[in-house]
Protein chains: 2
Amino acid sequence: MHGGLARPASRRPRPDTRVCSQCEGREFNMCRDLDAVELAQVKAISTPLHLDAGATLIEEAAPADHAFNLTHGVAKAFKLLPDGRCQVTGFFTAGDFIGLSRDGLYPYSVVALTPLSLCRFERPRLRPLLDECPKLGRQLLRMMTDDLLIAQDQMLLLGRRTARERVICFLLMQSDRAVRQHRPADLIDLPMTRGDIGDYLGLTIETVSRTITQLKGEGLIALKGHHALAILEMDRLMEESGRDMGLGDPVV
Amino acid sequence: MHGGLARPASRRPRPDTRVCSQCEGREFNMCRDLDAVELAQVKAISTPLHLDAGATLIEEAAPADHAFNLTHGVAKAFKLLPDGRCQVTGFFTAGDFIGLSRDGLYPYSVVALTPLSLCRFERPRLRPLLDECPKLGRQLLRMMTDDLLIAQDQMLLLGRRTARERVICFLLMQSDRAVRQHRPADLIDLPMTRGDIGDYLGLTIETVSRTITQLKGEGLIALKGHHALAILEMDRLMEESGRDMGLGDPVV
DNA sequence: CGGCGAGTTGAAGCCTCTCAATTGCTGTGG
DNA sequence: CCACAGCAATTGAGAGGCTTCAACTCGCCG
């Protein structure tokens with residue numbers, strides 16, 4: 001289905017996801033600060049899991065029995081309205097923690113956009129570990145703070161930005177993510193469909209497509225097939241995004 | 001400015017906010033599970049603070065030196081785009097924790113809608129307390145999970161709901177909050193302006209006003225001045241909101 | 001009682017959506 | 001390896017919901 005999308009990542013030999021030291025997400029995930037002993041404790045309650053592209057990891061409103069560390073691949077989280085309207089609340093990549101819940105039910109569905117590798121935990125067994133190992137809790141708190149701040153940025157985007165601004169912001173987000181993962185800032189791959197992007201940005205497929213075409217026409221970006229593109233004019237995009245660019249000194 | 005809005009709350013004698021046992025937010029805030037000794041530890045690093053309606057508690061992008069427990073009143077948090085477009089990311093009430101940050105800067109501004117009472121903490125002194133007292137961290141994690149889930153619901157609202165649905169959802173949110181605070185579900189007071197509501201829902205003042213007028217015209221609600229209203233047809237509103245109403249058994 | 005800000009109401013315009021048809025990938029099977 | 005099938009993406013035309021701009025009304029506080 002979306003199988004081919006994983007190509008760029010799967011060309012390099014995939015690391016053995018059973019070995020924490022080879023975990024792609026190690027740099028960011030909840031285990032980041034753990035030493036060998038603590039790591040072993042976490043590993044003791046985790047089972048490896050692999051999913052094909054298109055497979056459903058989590059069903060919205062199902063009992064939240066498990067939590068996951070994503071170690072490889074890209075997934076989308078989304079919520080549905082009864083009539084089928086869809087909001088993608090975020091995309092997960094290596095290092096992300098999946099499976100928060102408050103009321104014992106998953107708040108959203110999660111579907112694999114590329115083949116996934118994960119560490120699976122039974123939530124009941126995760127709790128005591130959190131008490132034993134405060135580092136884990138602290139890192140989790142940090143990650144949740146990040147997520148919350150990102151969510152608030154997204155509210156601003158969904159509530160107040162124009163379609164063009166939304167698409168530009170999205171491209172810059174992907175660029176940021178690429179940099180975080182030690183890939184070049186101007187080469188972006190898009191494992192998700194235009195529909196996913198639209199559902200993430202609160203737009204329709206057509207508007208996303210038209211906007212991307214427009215940006216291409218203005219020479220700001222160049223398409224590399226449907227699932228990758230290059231940013232040609234990073235500065236112009238940054239200007240138009242209206243994002244904070246790390247407040248440079250005022251132009252006194 | 002918004003002074004009058006505090007009336008309903010300030011008519012009952014305001015509890016002494018220096019005494020934790022009288023704290024309005026005790027039921028929900030981060031101190032909830034603490035015993036007397038731990039409470040004393042928290043109190044030792046906190047200073048009481050009072051703000052007038054309209055006053056700014058936090059300025060977006062200012063150094064995040066403090067964190068706060070809101071013990072009385074209502075405040076709004078919002079983010080601004082360079083051209084003045086505003087997104088209200090949430091409203092704070094008694095019990096809420098204010099002052100998250102990741103990069104040392106506040107991610108949003110916070111302005112008092114009614115007179116506020118708060119406990120103020122210096123963030124550097126809060127960190128060690130978190131290590132000492134795991135209950136604090138756990139409750140904070142719970143509260144952040146709530147906030148994140150609420151933020152994701154808000155994304156769905158901003159990205160995919162119509163203006164009418166947004167306003168209805170907003171009213172039902174206020175109703176939920178009223179219930180949580182042991183007030184009747186069908187009497188809602190609105191300490192915020194129509195502009196604040198619009199900035200929260202991603203709509204203009206005019207659209208909010210028109211929609212409320214429409215709901216009134218249909219007999220679903222009744223206005224009690226500009227800053228309070230009654231819900232007359234809770235069921236109809238629930239239906240139209242498209243919110244989960246706690247999945248009743250399927251109609252086989 | 002009077003003024004001012006907040007809220008309401010109206011008319012016109014625009015951005016985005018909807019519906020529909022065409023084009024172009026992408027991965028497969030011959 | 002190439003051609004084809006099927007879905008994704010693009011493109012176009014028209015409609016509609018929300019915004020914008022503007023005038024008016026209401027209600028609160030001095």
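A note on names: the letters A, B, ... follow the listed sequences, proteins ahead of strands, and every chain is numbered from 1. Worth knowing before you read on, the calculation uses all heavy atoms, side chains too, and leaves out hydrogens, waters and symmetry mates.
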Given [options], identify the nucleotide with an atom nearest to the side chain of [X].
{"X": "I205(B)", "options": "dT8(C), dA11(C), dT18(C)", "value": "dT8(C)"}
{"X": "T207(A)", "options": "dG12(D), dT16(C), dG10(C)", "value": "dT16(C)"}
{"X": "R194(B)", "options": "dT9(C), dT8(C), dT18(C)", "value": "dT8(C)"}

Rounded to whole angstrom units, what separation is found between the [atom1] atom of [X] and the [atom2] atom of [N]?
{"X": "L215(B)", "N": "dT9(C)", "atom1": "CG", "atom2": "C1'", "answer": "16 Å"}
{"X": "L203(A)", "N": "dC15(C)", "atom1": "CG", "atom2": "C1'", "answer": "11 Å"}
{"X": "Q214(B)", "N": "dT9(C)", "atom1": "CD", "atom2": "C1'", "answer": "14 Å"}
{"X": "L223(B)", "N": "dG27(D)", "atom1": "CG", "atom2": "C1'", "answer": "13 Å"}
{"X": "D196(A)", "N": "dA8(D)", "atom1": "CG", "atom2": "P", "answer": "10 Å"}
{"X": "E206(B)", "N": "dA23(D)", "atom1": "CD", "atom2": "C1'", "answer": "12 Å"}
{"X": "K216(B)", "N": "dC26(D)", "atom1": "NZ", "atom2": "C1'", "answer": "11 Å"}
{"X": "K224(A)", "N": "dC25(C)", "atom1": "NZ", "atom2": "C1'", "answer": "16 Å"}

Is the shortest side-chain heavy-atom distance between K76(A) and F92(A) below 4.5 Å?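 The answer is no, as the side chains (C-beta and beyond) never meet within the 4.5 Å cut-off.
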
Side-chain N,O ([X]) to OP1/OP2 ([N]) below 4.0 Å:
{"X": "T213(A)", "N": "dA9(D)", "answer": "no"}
{"X": "T204(A)", "N": "dT16(C)", "answer": "no"}
{"X": "T193(A)", "N": "dA8(D)", "answer": "no"}

In sequence, state the C-alpha distance, the side-chain angles, and the governing distance for R164(A) and V167(A), and then conclude on side-chain contact (heavy atoms from CB on, under 4.5 Å). CA-CA 5 Å; R164(A) 183 182 169 95; V167(A) 171; over 6 Å; no

Check this for me: does any side-chain nitrogen of one of R85(A) and E165(B) sit under 4.0 Å from a carboxylate oxygen of the other?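 E165(B) and R85(A): salt-bridged.
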
N-O pairing of R160(A) and D199(B) below 4.0 Å: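 Yes, R160(A) and D199(B) are salt-bridged.
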
Classify the nucleic acid contact of G198(A) as base, sugar-phosphate or nothing, counting any heavy atom under 4.0 Å across all strands shown.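 Nothing, no heavy atom under 4.0 Å.
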
Looking for any heavy atom pair under 4.0 Å, which part of the strands does I212(A) touch: base, sugar-phosphate only, or nothing?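 No contact at all - I212(A) keeps every heavy atom at 4.0 Å or more from the nucleic acid.
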
F97(A)/F68(A) aromatic ring centres below 6.0 Å: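 Judged by ring-centre distance (under 6.0 Å), F97(A) and F68(A) do not meet the cut-off.
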
Dump the intermediate steps for salt bridge (charged side-chain N to carboxylate O under 4.0 Å, His left out) on D189(A) and K224(A), then the final yes or no. CA-CA 9 Å; D189(A) 70 344; K224(A) 313 284 190 190; over 6 Å; no

Trace of the side-chain contact (heavy atoms from CB on, under 4.5 Å) decision for L118(A) with N69(A): CA-CA 5 Å; L118(A) 310 107; N69(A) 268 346; over 6 Å; no

Residues within residues 152-172 of chain A bordering DNA chain C, heavy-atom distance below 4.0 Å: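 Only T162(A), A163(A) qualify.
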
Which residue lies toward the 5' end of DNA chain C, H226(B) or G202(A), if each is placed at its nearest nucleotide?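 The 5'-side residue here is H226(B).
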
So which atom in L70(B) and which in L116(B) form the shortest heavy-atom distance, rounded to 0.1 Å?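 Where L70(B) meets L116(B) most closely, the heavy atoms are CD1-CD2, 4.0 Å.
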
Under 3.5 Å, is there any donor-acceptor pair linking the side chain of R210(B) to the base of dT20(D)?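 Indeed, a donor on one side and an acceptor on the other fall under 3.5 Å apart.
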
